[in-house]
Q: 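First the structure, then my questions, so here it is.
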Amino acid sequence: MSRYIATSALRGARNVTREAEAWLQKALQEKGKDAKVAFPNTAYYLPTILGLTGQKVETVGDLIPVMDQIRCYLHPVPAESRWTPYLGETLDAGIATLLAMETVQALRYLFGDQPEKFPGFRLAQKSESGDGGGYLNGPIDDIQLRSWGIQLVDGRMPGFAAIVGCAKSNQVAVKIIRELQRRNILTFLAGNVNGRSIIHQLHEEGVEMGYDTYIVPFGTDTLSAIYAIGFATRSALTFGGMKGGQAREILLYNRQRVFAFVLALGEVDDLKYAAAAGAISYGFPAIADTVIPEIHPTGVTQYEHVISMPFNEIPGKDDLERAEKLVQRCIEVRGVKIKMTEVPIPVPYGSAFEGEVVRKADLRFESGGKRSRAFEYLYMAPMDKVEDGKVELKGPDLDSVPEGGAMDMGIVVEVAGRKMQEDFEPVLERQIHHFINGASGVQHVGQRDITWIRISKAAYDKGFRLEHLGKILHARFHADFGAIVDKVQVTIYTDPASVNSMLQVAREAYNKRNTRLATMVDEDVEEFYSCTLCQSFAPNHVCVVSPERVGLCGAYSWLDCKASYQINPTGPNQPIPKGQLLDPVKGYWSGPIEFVQQASHQQVQTVSMYSIMENPMTACGCFECIVMVIPEANGVMVLSREDPSMSPAGMTFSTLAGTAGGGLQTPGIMGVGKYYLTSKKFLSADGGFKRVVWMSSILKQTMAEELKKAAEYAGEPDLLDKIADETICTDVNDLVKFLEEKGHPALTMDPLM
Ligand code: SF4
Ligand code: ZN
């Protein structure tokens with residue numbers, strides 16, 4: 001342990017504590033001790049303070065005991081003559097720093113000083129309410145945290161990087177970001193060096209920042225870096241089922257499961273040292289691109305690391321190569337697991353580009369949408385009929401389409417493999433969306449014959465042509481589905497006659513698949529499938545996935561699980577033989593019960609497939625919707641993850657999710673995938689779809705057709721008009737009044753409880 005670091009960190013901790021005290025004094029004087037203090041859209045109060053101290057801060061006054069605790073963590077700056085290690089003191093100073101930083105940021109919110117104003121800035125995120133221009137991101141909301149959760153558990157997103165400071169040049173800044181994006185590492189940005197931040201650099205270079213590009217600009221000061229720690233703390237609370245105040249568990253959880261590191265660009269000042277000391281307690285090492293003293297593993301813990309990698313001394317032919325090596329080193333230090341597929345195309349590739357939008361002004365070419373038609377179709381062919389790696393374009397290429405123009409197109413993928421089954425065709429076909437979207441400058445929307453592909457001018461200028469769509473698919477199907485797919489051949493049709501004839505073939509296949517899916521019922525199969533992917537976050541959670549009940553994240557259907565079991569026989573999706581049927585109405589089988597007992601480590605004794613009232617399935621945290629009983633209405637409400645408004649249960653999605661998650665069984669509350677709402681087995685033991693009395697309007701809009709069918713099946717074709725939503729009421733009394741006016745069937749059904 002270096003005395004230099006210890007001294008700087010202790011000094012930094014003292015300064016930021018004084019700053020927090022000053023803000024608190026100001027808040028007490030100007031706003032009073034009852035003034036509300038909160039970060040937006042989180043159920044976790046001030047998350048770092050909640051996690052590390054157990055205090056649920058809601059008002060300015062609640063911060064007074066927090067300040068006392070911060071002071072307890074502060075030790076004197078080491079004297080010149082002292083030679084003993086200062087590790088304990090330094091780590092304590094780090095914790096004090098994090099608590100003080102969060103205190104300051106929360107009070108800045110109170111004074112309208114956060115999120116930071118940044119003229120001309122616009123966040124890249126679809127869910128943005130209002131125009132969102134002119135401000136940086138601020139803390140990440142709970143909804144986004146959960147939606148990244150599933151990517152973190154299934155390995156699509158290996159971890160996060162917190163970058164603090166300013167890179168040597170704009171080009172280096174962009175290169176560092178691109179290297180991280182290429183590996184799907186989530187990147188948080190904060191801090192500055194002499195007033196200039198990497199956020200300025202990226203903004204000047206036109207790099208899109210926001211949730212959709214995995215680059216989240218917190219603020220241009222070091223204080224806003226606390227939002228990264230808040231995110232890490234909430235991961236442990238949300239997915240690890242930890243409670244506020246379990247500081248040790250939360251820190252260990254992060255050390256073991258959250259692959260994160262701090263990259264300090266440019267000069268490291270006292271506050272940065274102090275914050276880095278805090279990050280080390282979370283197991284996050286700090287790497288600096290300047291000369292600083294290093295901390296090596298002491299044996300006490302694995303990751304007590306401060307690494308110095310002076311930028312100009314990194315071997316490499318130019319700054320861009322040095323930037324690449326810097327990122328590589330960060331990943332090695334923290335041991336981030338990276339799964340990367342080389343895709344031979346002329347533009348950058350990675351899931352970080354999946355959310356990218358190709359705007360009208362940047363459009364070179366599109367197929368699908370209003371002006372043309374695109375479709376995609378994947379089918380299984382005999383081994384000897386498929387030539388692996390062959391990509392053929394039948395018809396004209398992009399060069400013959402004027403700028404901004406459109407053309408019909410069909411993408412047909414033939415796959416062969418000894419373990420391939422016809423049932424896997426739709427599972428693989430659906431991947432085309434992710435695979436193609438990974439190319440920078442290419443946007444993919446929809447599937448089947450409502451596919452819509454847009455290609456940007458920038459991608460075209462770099463040499464992207466239609467054959468590259470095929471190259472992407474070939475590389476990714478091999479990389480991700482190599483266990484069931486041995487050969488992949490792609491044909492891209494743009495010549496109008498063959499587009500039309502292939503489209504007919506594809507449509508016949510879509511229809512056949514629809515019929516097969518619609519007739520596939522729980523009764524007809526021998527086995528259900530488990531999904532325990534989320535156990536890395538919620539250690540006792542198990543999804544039991546059946547043909548009529550999709551996993552609660554919405555990402556795993558029965559067929560998906562079946563395919564995944566073929567790909568990885570020892571993986572998270574295992575067949576569960578149904579065993580003996582114990583209760584056909586509530587959905588009890590001996591097989592799932594035994595499986596859940598064992599896989600939940602005896603935390604869950606029994607599980608019903610079709611009831612919310614009796615032994616419902618557990619929830620991990622990544623559910624698309626929450627279904628919850630509203631006793632006054634004798635029915636249930638369905639609250640979508642995308643709905644930020646208040647619900648008749650008196651809580652928002654974020655707050656409710658805190659009660660429903662963590663792998664617990666909660667009668668009356670269930671996390672579900674949204675397509676389960678349309679299943680004939682939805683709450684079938686409790687009265688089915690007719691029980692729904694309130695539903696987020698976004699579900700009504702986006703699933704109108706499917707829900708209408710469910711209503712018809714329930715024998716209430718007008719049911720949707722009788723179901724309230726947040727535009728009608730968010731209060732239970734108003735809800736009951738509305739239901740009475742409309743004559744909702746739930747009011748006269750058997751009592752739920
Ligand atoms: Fe997690 Fe269940 Fe989805 Fe599997 S199906 S990823 S366990 S939510
Ligand atoms: Zn989950």
Q: Would you check if the side chain of Arg122 reaches a backbone N or O of Tyr135 as a donor-acceptor pair within less than 3.5 Å?
A: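 No, Arg122 side chain to Tyr135 backbone: no donor-acceptor pair under 3.5 Å.
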Q: Run the side-chain hydrogen bond (donor to acceptor under 3.5 Å, both in side chains) test against Asn192 and tell me which residues pass, sequence neighbours left out.
A: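 side-chain hydrogen bond (donor to acceptor under 3.5 Å, both in side chains) list for Asn192, sorted by chain: empty.
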Q: I'd like to know if the side chain of Asp289 and the backbone of Gly266 have a donor-acceptor N/O pair within less than 3.5 Å.
A: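 Between the backbone of Gly266 and the side chain of Asp289 there is a qualifying donor-acceptor contact (under 3.5 Å).
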Q: Hey, is the main chain of Gly191 close enough, under 3.5 Å, to the side chain of Ser197 for a donor-acceptor pair?
A: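 It does hold such a pair.
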Q: Rounded to the nearest 0.5 Å, what's the gap from OG1 on Thr652 to CG on Asp643? Could you check?
A: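 Going from the OG1 atom of Thr652 to the CG atom of Asp643 covers 9.5 Å.
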Q: Counting distance only, does the side-chain N/O of Ser696 pair as donor-acceptor with the main-chain N or O of Ser640 below 3.5 Å?
A: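 Yes, the answer is positive, given that a donor and an acceptor are paired below the 3.5 Å cut-off.
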Q: Quick one: which residue pairs count as a ring-ring contact (aromatic ring centres under 6.0 Å, His included) with a foot in residues 5-35, not counting sequence neighbours?
A: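 Qualifying pairs, neighbours excluded: Trp23-Phe111.
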Q: So that I can tick it off, tell me whether Asp62 and Lys36 are bridged by a salt bridge, with the cut-off set at under 4.0 angstrom between side-chain N and carboxylate O.
A: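 Judged by the 4.0 Å cut-off on N to carboxylate O distance, Lys36 and Asp62 do not form a salt bridge.
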Q: Report yes if some heavy atom in the side chain of Phe259 is under 4.5 Å from a heavy atom in the side chain of Ile331; otherwise report no.
A: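 Not in contact.
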Q: Going by atom types only, do Asp142 and Thr42 share a side-chain donor-acceptor pair under 3.5 Å?
A: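 Yes.
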Q: Is there a donor-acceptor contact under 3.5 Å from the side chain of Gln256 to the main chain of Tyr253?
A: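 Not a single qualifying donor-acceptor pair exists.
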Q: Before you tell me yes or no, could you show the steps for Arg108 and Asp221 under salt bridge (charged side-chain N to carboxylate O under 4.0 Å, His left out), namely the whole-Å CA-CA distance, both residues' side-chain angles and the distance that decides it to 0.1 Å?
A: CA-CA 13 Å; Arg108 288 172 80 189; Asp221 52 25; 2.8 Å; yes
Q: Will you find, in the side chains of Tyr273 and Thr90, an N or O donor that is under 3.5 Å from an N or O acceptor?
A: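 No donor-acceptor contact under 3.5 Å links the two side chains.
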Q: Please report the interatomic distance CG(Asn540) to CD(Gln603), rounded to the nearest 0.5 Å.
A: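 Here the rounded value is 5.0 Å.
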Q: Given 3.5 Å as the limit, does a donor-acceptor pair link the side chain of Gln201 with the main chain of Ala167, or not?
A: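 Answer holds: yes.
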Q: Please tell me if the side chains of Val207 and Arg178 come closer than 4.5 Å, counting only heavy atoms from C-beta onward.
A: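 Sidechains of Arg178 and Val207: in contact.
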Q: Can you tell whether the side chains of Glu21 and Arg18 come within less than 4.0 Å, N to carboxylate O?
A: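 No salt bridge links Glu21 with Arg18.
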Q: Taking all non-hydrogen atoms of both residues, which atom of Leu552 and which atom of Ala619 are closest, and how far apart?
A: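 Distance-wise, the nearest heavy atoms are CD2-CA, 3.8 Å.
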Q: Working to the nearest 0.5 Å, report the span between CG of Leu263 and CD1 of Ile307.
A: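 Atom-to-atom, Leu263:CG and Ile307:CD1 are 12.0 Å apart.
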Q: I'd like to know if the side chain of Arg255 reaches the main chain of Ile280, judged simply by a donor and an acceptor atom lying under 3.5 Å from each other, with no hydrogens or angles considered.
A: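 Looks like yes, one N/O pair under 3.5 Å.
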Q: Going by distance alone, is a donor N or O of one side chain under 3.5 Å from an acceptor N or O of the other, for Arg183 and Gln328?
A: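 A donor-acceptor contact under 3.5 Å links the two side chains.
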Q: Examine the side chains of Thr213 and Glu208 and answer whether a donor and an acceptor come within less than 3.5 Å of each other.
A: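 Result is no, nothing qualifies.
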Q: Donor-acceptor pair, distance only, cut-off 3.5 Å: does the side chain of Thr730 make one with the backbone of Glu726?
A: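 No, the answer is negative, given that no donor and acceptor are paired below the 3.5 Å cut-off.
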Q: Out of Lys325, Lys175, Lys168, which residue meets the salt bridge (Lys or Arg N to Asp or Glu O under 4.0 Å) rule with Asp319?
A: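 Among Lys325, Lys175, Lys168, the one meeting salt bridge (Lys or Arg N to Asp or Glu O under 4.0 Å) with Asp319 is Lys168.
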Q: Among Ile185, Ile177, Ile287, Leu180, which residue meets the side chain to side chain contact (heavy atoms under 4.5 Å, CB included) test with Val327?
A: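 Testing Val327 for a side chain to side chain contact (heavy atoms under 4.5 Å, CB included) against Ile185, Ile177, Ile287, Leu180 leaves exactly one candidate, Leu180.
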Q: Is a donor from one side chain sitting under 3.5 angstrom from an acceptor on the other, for Tyr227 and Gln114?
A: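 Present: a donor and an acceptor within the cut-off.
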Q: Find the distance between CD1 (Ile49) and CD (Glu102) and round it off to the nearest 0.5 Å.
A: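 Between atom CD1 of Ile49 and atom CD of Glu102 there are 4.5 Å.
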Q: Counting only N and O atoms by type, is there a donor-acceptor contact under 3.5 Å from the side chain of Arg641 to the main-chain atoms of Ile626?
A: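 No, Arg641 side chain to Ile626 backbone: no donor-acceptor pair under 3.5 Å.
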Q: Evaluate the side-chain hydrogen bond (donor to acceptor under 3.5 Å, both in side chains) criterion for residues Tyr44 and Thr233: first the C-alpha distance (whole Å), next the side-chain angles of each, then the deciding distance (0.1 Å), finally the verdict.
A: CA-CA 10 Å; Tyr44 297 99; Thr233 310; over 6 Å; no
Q: Pairing donors with acceptors under 3.5 angstrom, does anything connect the side chains of Gln181 and Tyr214?
A: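 Distance-only check fails for Gln181 and Tyr214.
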Q: Determine yes or no for a side-chain-to-main-chain donor-acceptor pair under 3.5 angstrom, with Thr618 supplying the side chain and Gly663 the backbone.
A: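 Between the backbone of Gly663 and the side chain of Thr618 there is no qualifying donor-acceptor contact (under 3.5 Å).
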Q: If you count the non-hydrogen atoms of other residues, nucleotides and ligands that lie under 6.0 Å from CG in Asp68, is the total more than 12?
A: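 Yes, because the 6.0 Å sphere around CG of Asp68 holds more than 12 heavy atoms from other groups.
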Q: Do the side-chain N and O atoms of Glu116 and Thr220 include a donor-acceptor pair separated by under 3.5 angstrom?
A: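 Present: a donor and an acceptor within the cut-off.
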Q: Could you point out which residue of Phe218, Trp148, Phe284 forms a ring-ring contact (aromatic ring centres under 6.0 Å, His included) with Phe160?
A: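 Running ring-ring contact (aromatic ring centres under 6.0 Å, His included) over Phe218, Trp148, Phe284 with Phe160 returns exactly one hit, Phe284.
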Q: What about Phe188 and Phe231, are their ring centers closer than 6.0 Å?
A: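 Here the rings of Phe231 and Phe188 have centres that are less than 6.0 Å from each other.
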